[in-house]
Amino acid sequence: MTGNMWNSSYDMQLLKFFDLNCRRVKTTRITEIYFYLPNPLYIIICCDGASRGNPGEAGYRFICRQGTGEYMFAMLGGLGLATNLMAEIFVILCAGEWEINNNFLKVCFQTNSKASIAAFQSGEVPWWDCTRWNKIKSSLQDWYFSHSYREINFSADLMAKKGT
């Protein structure tokens, strides 16, 4: 046996009955999560990209809300064959371009992808989106990224999966 156990009495009885050693214990951790709205002057964009396989059929979705939480706009689309990271990066670019075209210049990008946040904040974005990202950055007055768990960003997560 190489699997984990859940540290229940049933697991312990089985191990004792078959005279086996204890296994690694798989624990669950409950974490409280909250959804915070940004400053009322900012627009919050909840972004998510998804891929069936890596690479596979990919899709994206973003939902725009005012700083007061009021719904503004949502967009859903398919990307064809792409990786998860490509879908996550593409959705941020699409959302940023939508914001610029609609003259919203203070933006909070909220996503569950730490890898895409790190790529945009460090300036190490893939070569195929450098020009688009530089144009978005220069057009916005202020922007920042916020990491959220998938459970907070559930509507964008579900629709991104439908986009695949």
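Since we're looking at a predicted model, the values are computed, not measured. Just so it is clear, the values below take in all heavy atoms, side chains as well, and ignore hydrogens, waters and symmetry mates.
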Peer 1: Looking only at the aromatic ring of each residue, does the gap between the centers of Phe73 and Trp98 stay below 6.0 angstrom?
Peer 2: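 Centroid distance Trp98-Phe73: below 6.0 Å, so yes.
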Peer 1: At what distance, to the nearest 0.5 angstrom, does CD of Gln110 lie from CG of Leu37?
Peer 2: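 Going from CD on Gln110 over to CG on Leu37, the span is 9.0 Å.
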Peer 1: The test is side-chain contact (heavy atoms from CB on, under 4.5 Å); show your working for Thr131 and Lys135 and say whether it passes.
Peer 2: CA-CA 6 Å; Thr131 305; Lys135 182 180 175 187; 5.8 Å; no
Peer 1: Give the intermediate values and the outcome of side-chain contact (heavy atoms from CB on, under 4.5 Å) for residues Phe62 and Cys94.
Peer 2: CA-CA 9 Å; Phe62 65 89; Cys94 288; 4.1 Å; yes
Peer 1: Please round to the nearest 0.5 Å and tell me the distance separating atom CZ of Arg52 and atom CG of Asn84.
Peer 2: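 The CZ atom of Arg52 sits 12.0 Å away from the CG atom of Asn84.
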Peer 1: Locate the shortest heavy-atom distance separating Val107 from Phe104; write the atom from each residue and the value.
Peer 2: CG2-O, 4.0 Å
Peer 1: Could you state the interatomic distance from CD1 (Ile44) to OG (Ser148), rounded to the nearest 0.5 Å?
Peer 2: 8.0 Å
Peer 1: With rounding to the nearest 0.5 Å, note down the distance linking OG1 in Thr68 to CG in Asn39.
Peer 2: 11.5 Å
Peer 1: Does the Ser51 side chain pair with the main chain of Asn54, one donor and one acceptor, at a distance under 3.5 Å?
Peer 2: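 Between the backbone of Asn54 and the side chain of Ser51 there is no qualifying donor-acceptor contact (under 3.5 Å).
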Peer 1: Does a side-chain heavy-atom distance below 4.5 Å link Ile63 with Tyr71?
Peer 2: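 Touching, per the 4.5 Å side-chain cut-off.
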Peer 1: How far does CG of Leu105 sit from CG of Asn103, to the nearest 0.5 angstrom?
Peer 2: 6.0 Å
Peer 1: Any side-chain heavy-atom pair from Asp48 and Val91 closer than 4.5 angstrom?
Peer 2: no
Peer 1: With a 4.5 Å cut-off on side-chain heavy atoms, are Lys114 and Phe145 touching?
Peer 2: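 Side chain of Phe145 against side chain of Lys114, heavy atoms only: no contact under 4.5 Å found.
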Peer 1: Is the number of heavy atoms from other residues, nucleotides or ligands within 6.0 Å of NZ (Lys137) greater than 12?
Peer 2: yes
Peer 1: Hydrophobic side-chain clustering at under 4.5 Å (ILVMFWY, transitive links): who's grouped with Leu41? Put none if nobody.
Peer 2: Tyr42, Tyr144
Peer 1: Are the ring centres of Trp143 and Trp133 closer than 6.0 Å?
Peer 2: yes
Peer 1: Same cluster or not: are Phe120 and Trp128 linked, directly or through other Ile, Leu, Val, Met, Phe, Trp or Tyr residues, by side-chain heavy atoms under 4.5 angstrom apart?
Peer 2: yes
Peer 1: When you compare the side chain of Glu97 with that of Ile136, does any pair of heavy atoms fall below 4.5 Å?
Peer 2: yes
Peer 1: Do Leu76 and Tyr60 have side-chain heavy atoms sitting under 4.5 Å apart?
Peer 2: no
Peer 1: Determine, step by step, whether Glu99 and Ile43 satisfy the side-chain contact (heavy atoms from CB on, under 4.5 Å) criterion, reporting the C-alpha distance in whole Å, the side-chain angles of both residues, the deciding distance to 0.1 Å, and the verdict.
Peer 2: CA-CA 9 Å; Glu99 293 289 337; Ile43 302 299; 3.3 Å; yes
Peer 1: Go through it in stages, so that I can follow the logic: the residues are Cys108 and Ile45, the test is side-chain contact (heavy atoms from CB on, under 4.5 Å), and I'd like the CA-CA distance, side-chain angles, deciding distance and then a yes or no.
Peer 2: CA-CA 6 Å; Cys108 169; Ile45 306 175; over 6 Å; no
Peer 1: I need the minimum non-hydrogen distance between Ala87 and Gly59, along with the two atoms involved.
Peer 2: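 Closest pair (atom of Ala87, atom of Gly59, distance): CB-O, 3.9 Å.
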Peer 1: Should Pro126 and Ile89 count as side-chain neighbours, where that means a heavy-atom distance under 4.5 Å?
Peer 2: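 Yes, close enough: below the 4.5 Å cut-off.
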Peer 1: Is any side-chain heavy atom of Asn112 closer than 4.5 Å to a side-chain heavy atom of Glu88?
Peer 2: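 The answer is yes, as the side chains (C-beta and beyond) meet within the 4.5 Å cut-off.
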Peer 1: Answer whether the closest heavy-atom distance between the side chains of Ile100 and Leu140 falls below 4.5 Å.
Peer 2: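 Yes. Closest side-chain heavy atoms under 4.5 Å.
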Peer 1: Once rounded to the nearest 0.5 Å, what's the spacing between atom SG of Cys46 and atom CZ of Arg65?
Peer 2: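 Spacing of SG (Cys46) from CZ (Arg65) equals 6.5 Å.
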